[in-house]
Amino acid sequence: MAKVLFNGGLATSDPVTAPVMVVGQVKHLNRINWDTIKAKLEPRVNKELWTAAVASLSPSPTDSVSLYMNLATVAALPAKVSRHNTQSRAHSITKIVKSLTAGSNETVVVVCTTQDMYASGCAVARAYSLYSRKTVGEPPNAQPRPVREVQVKVEFLVVDGEVGSARPASLSPSDKQALETSCEAIQLAARLVDAPCNEMNTTAFVEEAVKVASSLGIVPTIIRGEELRERGFGGLYGVGKASVHPPALVVLSHKPVTSTKAIAWVGKGIVYDTGGLSIKGKTAMPGMKRDCGGAAGVLGAFSVAVRNGFTDTLHCVLCLAENSVGPLATRPDDIHTMYSGKTVEINNTDAEGRLVLSDGVAYAAKDLGCDIVLDMATLTGAQGIATGRYHASHMANDQTWETALSQAGRVSGDLSFPAVFCPELQFPEFTSAVADMKNSVADRNNAQPSCAGLFIFANLGFDFPGVWMHVDMAAPANSGERATGYGVSLLNTLFGSASKAEMLQTASPVTQENGMVERSSQEGGLSKKIKLK
């Protein structure tokens with residue numbers, strides 16, 4: 001198990017006992033003085049070797065040079081990134097660290113600008129996955145591989161401006177806490193997503209949420225099984241009722257006395273998605289253990305926010321269910337009454353995520369009285385087609401928050417790009433002759449990710465007076481066969497203005513004063529403001 005820790009400055013170490021990788025853009029690596037970096041390399045590497053190695057780097061898009069027996073390595077990040085990418089090159093950092101790790105106690109030195117420190121630190125954590133069921137030995141004596149406690153120390157060299165030498169970063173206790181809690185939460189979220197459903201069923205996920213709540217001094221609200229039906233959660237109950245493990249709505253609430261508004265983060269937690277009676281094919285079903293990525297990300301993000309002194313009321317709402325096949329499974333043509341009171345004709349049981357989230361956002365508005373409701377989900381396969389493997393797709397009923405989400409994605413490394421928000425042209429896809437709406441679109445060529453989000457928004461009401469945001473992160477929730485912990489850094493950057501951590505405040509695209517949210521705009525030098533009700 002790798003624990004990611006952060007140091008201010010560069011501690012002296014020998015690559016033989018503490019392997020080291022130095023990662024940065026070539027132009028930044030060239031600004032490192034030997035007298036600064038030698039603390040990590042001597043006595044195994046001398047100045048001439050270091051200088052020659054940096055000079056030989058030719059990233060396309062990345063490159064690396066071993067300085068000493070693969071125990072000391074310098075690696076180059078891409079020289080250029082586009083305006084829709086993160087300037088931190090976070091995805092490249094993760095790939096480089098994952099490919100170069102020694103699998104033991106080691107140090108990662110990241111050379112970057114001050115504004116990229118948070119995203120870069122989080123990127124390192126994504127390289128160290130916690131979940132494994134690998135064994136050692138040969139049958140019949142194979143045994144679970146022993147868990148190794150490994151410490152990964154991350155240190156920064158900061159380069160600001162276009163000239164001047166790279167200097168060791170000075171991290172305050174607040175900075176270290178923001179970074180370390182974020183990395184811990186990213187690894188938690190990834191572990192929950194990587195774990196298979198025979199381990200991470202709804203009951204186990206509830207237990208994980210209870211552990212997080214207990215660590216924060218919070219008593220969670222848990223509505224489970226038949227109580228969901230009795231209380232009117234027709235969407236969540238209908239999706240999960242066929243499973244051996246009952247569906248559940250889990251709510252963790254943080255209510256500081258400093259609060260001026262209430263915010264809800266609502267996560268889709270489908271611990272396994274067979275598709276229900278509209279069953280997935282044999283090639284489409286593997287990997288559906290990852291359909292809880294939204295809930296995992298929200299739970300991890302909530303933990304970071306509270307541990308860093310979130311100053312507003314914050315609710316973590318987890319909508320947990322297993323979409324199973326069985327005698328009790330929802331049938332196409334069934335009609336469910338949602339917690340919002342709306343009725344839904346089921347025409348596709350594999351469009352289940354929007355059903356559970358609709359109950360979650362309605363609960364956030366009706367019972368929790370939230371001013372801002374953000375839902376996050378691995379919602380549609382079409383998201384990956386629309387915005388790709390690295391960018392989530394997001395929507396909002398307010399353009400300023402929509403823009404802020406894009407900016408928070410670029411700053412945090414959890415990239416996201418806006419989807420079309422046009423209810424009058426897209427919501428008619430759900431027209432039903434016998435209910436208020438169907439749960440799946442008539443025309444799959446009419447912006448599926450947008451339609452899915454609008455279904456959820458319809459259960460808040462298109463005239464919802466507060467702010468609604470929706471993040472579909474189906475593709476970036478995993479990279480290959482490993483989860484990424486997507487959402488933890490995105491949400492804590494987006495709402496960083498409510499944090500007591502200076503690093504998160506600085507990263508946030510919004511500022512908060514006297515019940516107002518203000519975002520500086522590059523468009524004409526104007527500032528836009530939203531008054532929160």
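Nothing fancy with the numbering, it's 1 onward along the sequence. These numbers come from the heavy atoms of this one structure, side chains and all, not from hydrogens, waters or symmetry mates.
Between the side chains of Tyr118 and Ser182, a donor-acceptor pair is found at a separation under 3.5 Å. Side-chain polar atoms of Asp350 and Ser278 form no donor-acceptor pair below 3.5 angstrom. Side-chain atoms of Ser499 and Asn308 include no donor-acceptor pair closer than 3.5 Å. Thr203 and Glu207 form no side-chain donor-acceptor contact under 3.5 Å, judged by distance and modelled atom types alone. Defined by atom type and a distance below 3.5 Å, a donor-acceptor pair is present between the side-chain atoms of Ser489 and Asp414. For the residue pair Ser393 and Asp472, no side-chain donor N or O sits within less than 3.5 Å of a side-chain acceptor on the partner. Using modelled atom types, one finds a donor on one side chain and an acceptor on the other under 3.5 Å when comparing Glu199 with Tyr131. Side-chain contact of Trp468 with Asp398: a donor-acceptor pair under 3.5 Å is absent, judged by distance alone. Using modelled atom types and a 3.5 Å distance limit, the side chains of Thr343 and His336 yield no donor-acceptor pair.
At a threshold of 4.5 Å between non-hydrogen side-chain atoms, the residues Ile279 and Val325 count as touching. The shortest side-chain heavy-atom distance between Leu379 and Ile456 falls under the 4.5 Å cut-off. Counting only heavy atoms from C-beta outward, the side chains of Leu277 and Pro332 approach each other to under 4.5 Å. Residues Lys268 and Cys319 fail the side-chain proximity criterion, which asks for heavy atoms closer than 4.5 Å. Put simply, the side chain of Arg307 reaches to within 4.5 Å of the side chain of Glu184, judged on heavy atoms. Put simply, the side chain of Leu228 reaches to within 4.5 Å of the side chain of Leu249, judged on heavy atoms. Contact check for Leu368 versus Val317: side-chain heavy atoms found under the 4.5 Å cut-off. The side-chain heavy atoms of Leu252 and Phe302, taken from C-beta on, include a pair separated by under 4.5 Å.
Aromatic ring centroids of Phe455 and Phe430 lie under 6.0 Å apart. Proximity of the aromatic rings of Phe417 and His394 is defined here by a centroid distance below 6.0 angstrom, and this criterion is not met. Side-chain rings of Trp401 and Phe421 stay apart, their centers remaining 6.0 Å or farther from each other.
Nearest approach of Ala2 to Gln187, heavy atoms of both residues: O-NE2, 3.0 Å. Contact detail for Val4 and Tyr128: the closest heavy-atom pair is CG2-CD1, 4.5 Å. Annotation for Ala209 and Leu318: closest pair CB-CD1, 3.8 Å, computed over non-hydrogen atoms. Closest heavy-atom contact between Thr330 and Gly238: OG1-O, 2.7 Å. When all heavy atoms are compared, the tightest approach of Ile186 to Arg126 is CG2-CG, 3.8 Å.
With rounding to the nearest 0.5 angstrom, the CG atom of Asn323 is 6.0 Å from the CD1 atom of Ile270. Once rounded to the nearest 0.5 Å, the distance linking CG of Leu504 with CG of Leu491 reads 11.5 Å. A distance of 12.0 Å separates NE2 of His470 from CG of Leu460, quoted to the nearest 0.5 Å. The distance from atom OG1 of Thr135 to atom CZ of Arg133, rounded to the nearest 0.5 Å, is 12.0 Å. Distance check, rounded to the nearest 0.5 Å: CD of Gln407 to CG of Leu494 gives 10.0 Å.
In this structure, Ser243 contributes its side chain and Pro246 its backbone to no donor-acceptor pair below 3.5 Å. At distances below 3.5 Å, not a single donor-acceptor pair connects side-chain atoms of Ser324 with backbone N or O atoms of Ala242. Under a 3.5 Å cut-off, the side chain of Thr311 and the backbone N or O of Ala498 do form a donor-acceptor pair. At distances below 3.5 Å, at least one donor-acceptor pair connects side-chain atoms of Asn439 with backbone N or O atoms of Ala351. In terms of modelled atom types and a separation under 3.5 Å, the side chain of Gln177 and the main chain of Pro173 share no donor-acceptor contact. Checking side-chain atoms of Asn397 against main-chain N and O of Gly466 turns up a donor-acceptor pair under 3.5 Å. Looking only at distances, a side-chain donor or acceptor of Asp359 sits under 3.5 Å from a matching main-chain atom of Gly235. Formation of a donor-acceptor pair under 3.5 Å by the Glu322 side chain with backbone atoms of Pro247 is not found in this model. Looking only at distances, a side-chain donor or acceptor of Thr86 sits under 3.5 Å from a matching main-chain atom of Arg410. A donor-acceptor pair under 3.5 Å is formed between the side chain of Glu429 and the backbone N or O of Asp443.
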Would you check, one step at a time, whether the test side-chain contact (heavy atoms from CB on, under 4.5 Å) holds for His391 with Ser416? CA-CA 5 Å; His391 291 73; Ser416 191; 5.9 Å; no
Phe457 and Phe464: ring-ring contact (aromatic ring centres under 6.0 Å, His included), yes or no, with the steps? CA-CA 9 Å; Phe457 189 32; Phe464 177 59; 7.0 Å; no
The test is salt bridge (Lys or Arg N to Asp or Glu O under 4.0 Å); show your working for Arg191 and Glu208 and say whether it passes. CA-CA 11 Å; Arg191 177 175 62 81; Glu208 293 282 352; 3.1 Å; yes
Using the side-chain contact (heavy atoms from CB on, under 4.5 Å) rule, take Lys438 and Thr431 through it: C-alpha gap first, then chi angles, then the decisive distance, then the call. CA-CA 6 Å; Lys438 292 184 179 180; Thr431 299; over 6 Å; no
Carefully, step by step, assess His254 and Thr313 under the rule side-chain contact (heavy atoms from CB on, under 4.5 Å). CA-CA 6 Å; His254 168 69; Thr313 296; over 6 Å; no
Do Gln151 and Leu5 pass the side-chain contact (heavy atoms from CB on, under 4.5 Å) test, and can you show the C-alpha distance, the side-chain angles, and the key distance before you say yes or no? CA-CA 7 Å; Gln151 283 194 354; Leu5 303 173; 3.7 Å; yes
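When the shell of 6.0 Å around NZ of Lys342 is examined, it contains 12 or fewer heavy atoms from other residues, nucleotides or ligands. Residue Lys95 qualifies as open at atom NZ: its count of foreign heavy atoms under 6.0 Å is 12 or below. Around atom CG of Asp333, no more than 12 heavy atoms belonging to other residues, nucleotides or ligands sit under 6.0 Å away. Residue-environment remark: CD (Glu226) exceeds the threshold of 12 foreign heavy atoms within 6.0 Å. Within a 6.0 Å sphere centred on CD of Glu502, other residues, nucleotides and ligands contribute 12 heavy atoms or fewer. Crowding of Arg229 atom CZ: a count of heavy atoms from other residues, nucleotides or ligands under 6.0 Å exceeding 12.
Between Tyr363 and Phe233, the angle of the ring planes lies from 30° to 60°, which puts this pair in the tilted group.
Taking the ring centre of Tyr339 as origin, the terminal cationic atom of Lys366 falls inside the region bounded by 6.0 Å and 45° from the ring axis.
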